[in-house]
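Right, one structure below, let's go through it.
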Amino acid sequence: MTGFWEDWLDRLRARRDRLIANPKFQRWSLANPLTRPIARRRARAALDLTAGFVYSQALFACARLKLFDALSDGPLTVAEIADRLALTEDAARRLLDAAASLDLAERRARGRYGLGQIGAAFLGNRAALALVEHQPILYNDLADPVALLRGEKRAALADYWPYSDLEQPKALQADQVAPYSALMAASQPMVAEEALDAYDVSRRKRLMDVGGGEGVFLCAAAARAPDLQLALVDLPAVADRARARFDAAGLTARAEVFGRDFLRDELPAGADLVTLIRIVHDQDDERALQLLRNIRRAVEKGATLLIVEAMSGVKGAEPLDAYYGFYTLAMGKGEPRRVGEIEALLREAGFGEFSLRPNALPTLTSILAAKAV
Ligand SMILES: CC(C)=CCC/C(C)=C/CC/C(C)=C/C=C/C(C)=C/C=C/C=C(C)/C=C/C=C(C)/C=C/C=C(C)/C=C/CC(C)(C)O
Ligand SMILES: C[S@@+](CC[C@H](N)C(=O)[O-])C[C@H]1O[C@@H](n2cnc3c(N)ncnc32)[C@H](O)[C@@H]1O
């Protein structure tokens, strides 16, 4: 678009903004039957933004008190729910009314409460519930978002993800990697299904998952591709957890595990498919490039690299910059990136022929395939 049209559009938007900011226009648009539906939607969006933290805490209370499990066999009375959740009846009713207003629970006949549609979705999604349960660390840090933005406060989330600012991450001990590794393992199945539905791994010989955590993704890939050889790279203390999982899954013979620093150590050769799942957005550009170049050195021309993580600007994933932007700010490293920004890093590292694979839930993850060129 030319500068003239951009300036013209900016002037038009400035008039629109002045109009929307005008309290008289706000009242008028709510009173007018033609504009009322739009005005109500925008007012509702403003309320949701204002109350969002409270909604999240109500959801957290439901998850922590296992409300969805309690309602899984059918509706119960307030007294029954209060008894199961170890709450007074007044407190249980307050929680249930909040949950009902958010579609997490539903009022039923004879004063009982059952699951709401979103509550039912959570009941069937342990991965999402695990993420909900770890949110308090983030929300404590976000109590003063301005201090975080100004760099005046070190967030506790940085200690939860201790690899993010270490020069020697291989020194991390079992107890330091356990909480984040368990969370990633619990939340991985959702992401794995999206990635494996979008990309057929069974056409490949050897899949290397770099920063593969406890190996949940590789276990899911193995189930879809019985002949696929598996390799996992992660820090030594995490690699130990992956070995234990592969042993328990009967995959010891198919899966090689490497306790390495993916930024500073040489990566194992031989993979024709490499995955980076929820990895690149943990790193600043310099380290992301270091990692991608390291992978490029380890693979032959023509090998495929899949970047699997939430990406900004993808249709359907609009609020992502808010969640991952502040999440990675509190972590102390990394940022959500647009597809084009990831492609630019990939190109610099020796990859090309990009294709963004369509997937069902871009709010959760996108899948970008690239070829070593
Ligand atoms: C007839 C039909 C079709 C429907 C009628 C009834 C109906 C509405 C049914 C719905 C059924 C349905 C399809 C339900 C699906 C529910 C799903 C898929 C729910 C998914 C929820 C996912 C959530 C809440 C995900 C949350 C993810 C979060 C918070 C991610 C956090 C990620 C973090 C912290 C990552 C950290 C990694 C790091 C460190 C940044 O690298
Ligand atoms: C956000 S987690 C993602 C784990 C897994 N891919 C998933 O999606 O569940 C990031 C992973 O990268 C690993 N990691 C971080 N820095 C690393 C490094 N320098 N070398 C090897 N692994 C590293 C962490 O131990 C962790 O398992």
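Keep in mind that what you see is a predicted model, and the values were worked out from it rather than measured. Every number for a ligand or one of its atoms is a count from 1 in the order of the listing.
Under the 3.5 Å distance criterion, with hydrogens and angles disregarded, a donor-acceptor pair is assigned to the side chains of Ser202 and Asp200. Using a 3.5 Å distance cut-off with no hydrogens or angles, the side chains of Arg357 and Ser355 do pair a donor with an acceptor. At a cut-off of 3.5 Å, with distance as the only test, a side-chain donor of Arg204 or Tyr199 sits close to an acceptor on the other residue.
The protein non-hydrogen atom at the shortest distance from atom 6 (C) of ligand 1 is Gln117 OE1, 3.4 Å. Of all protein heavy atoms, the one lying nearest to atom 29 (C) of ligand 1 is Tyr323 OH, 3.6 Å. With hydrogens left out, the protein atom closest to atom 16 (C) of ligand 1 is Ala121 CB, 3.7 Å, a heavy atom. With hydrogens left out, the protein atom closest to atom 18 (C) of ligand 1 is Leu361 CD1, 3.7 Å, a heavy atom.
Smallest separation of non-hydrogen atoms from Leu115 and Ser72: CD1-CA, 4.3 Å. In terms of heavy atoms, Lys371 sits closest to Gly302 at CE-O, 3.5 Å.
Residue-environment remark: CG (Asp175) exceeds the threshold of 12 foreign heavy atoms within 6.0 Å.
The residue from Leu131, Asn125, Thr363 that puts a heavy atom closest to atom 28 (C) of ligand 1 is Leu131.
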Considering only N or O atoms, set out every pair between ligand 2 and the protein closer than 3.5 Å, with distances to one decimal place.
unit_1, atom_1, unit_2, atom_2, d
ligand 2, 6 (N), Gly211, O, 2.7
ligand 2, 6 (N), Ile277, O, 2.8
ligand 2, 8 (O), Gln188, NE2, 2.8
ligand 2, 8 (O), Ile277, O, 3.2
ligand 2, 8 (O), Arg278, NE, 2.9
ligand 2, 8 (O), Arg278, NH2, 3.4
ligand 2, 9 (O), Gln188, NE2, 2.9
ligand 2, 9 (O), Arg278, NH2, 2.9
ligand 2, 19 (N), Asp261, OD1, 2.9
ligand 2, 20 (N), Phe262, N, 2.7
ligand 2, 25 (O), Tyr180, OH, 2.6
ligand 2, 25 (O), Asp234, OD1, 2.6
ligand 2, 27 (O), Asp234, OD1, 3.4
ligand 2, 27 (O), Asp234, OD2, 2.7

